[in-house]
Amino acid sequence: MSHTTSRDACEPEVVERMVVEWAAEILEEPASAQDNFLDLGGHSMLAAELNQRVKDTFGAELDLQLLFEETIGKAAGSIISHLNSTTQNG
């Protein structure tokens, strides 16, 4: 398991890497940012588990529509956008 500090946890590359790693772990399949969650065997219950990890770590939720229709990387991008807007508004 990778070790990140709270400071670097919001870096886009770190967020994407963590979401991809969690997806791979939950799906029990190798995954990359270019993969589609559903194509790898994902479903709503696994998406809920992934979303909970994201919420617990980053305080933001995945855009599940993006997770199901686009790539895991694009879904991670929705978290990055949320974190950036929170940082700018806070």
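For this chain, numbers begin at 1 and follow the sequence in order.
Minimum interatomic distance between Ala47 and Leu64 (heavy atoms only, all atoms of both residues): CB-CD2, 4.2 Å. The nearest pair of heavy atoms linking Thr71 to Ala33 is CB-O, 3.2 Å. Pairing each heavy atom of Ala76 with each of Glu16, the nearest pair is CB-CA, 3.9 Å. Heavy atoms only, all atoms of each residue included: Ala23 and Ile72 are closest at CB-CD1, 4.0 Å.
Between Val19 and the choices Thr57, Val14, Ile79, the side chain to side chain contact (heavy atoms under 4.5 Å, CB included) rule is met once, by Ile79.
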Under 3.5 Å, sequence neighbours excluded: what are the donor-acceptor pairs made by side chains of residues 37-44?
from: His43; atom 1: ND1; to: Met45; atom 2: N; distance (Å): 3.3

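Not counting sequence neighbours, Glu69 has no partner by the salt bridge (charged side-chain N to carboxylate O under 4.0 Å, His left out) test.
When atom types are taken as modelled, the side chain of Asp63 and the backbone of Ala75 share no donor-acceptor pair closer than 3.5 angstrom.
Look at Arg17 and Glu21 and you find a salt bridge, because one of the NZ, NE, NH1 or NH2 atoms lies within 4.0 Å of a carboxylate O, short of that distance. Using a cutoff of 4.0 Å between basic side-chain nitrogens and carboxylate oxygens, Arg53 and Glu25 are scored as salt-bridged.
Once rounded to the nearest 0.5 Å, the distance linking CG of Asn51 with CH2 of Trp22 reads 10.5 Å. Atom CG of Leu62 sits about 11.5 Å away from atom NE2 of His82, to the nearest 0.5 Å. Going from atom CD of Gln34 over to atom NZ of Lys74 covers 11.0 Å, rounded to the nearest 0.5 Å.
Between Asn84 and Ser81, the side chains place no donor N or O within less than 3.5 Å of an acceptor N or O (distance only, hydrogens not considered).
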Report task. Just do the side-chain contact (heavy atoms from CB on, under 4.5 Å) check on Val15 and Ile80 with the steps written out, would you? Result -> CA-CA 7 Å; Val15 173; Ile80 295 162; 3.7 Å; yes
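Linking Ile, Leu, Val, Met, Phe, Trp and Tyr whenever their side-chain heavy atoms come within less than 4.5 Å leaves Leu66 and Ile26 in two separate clusters.
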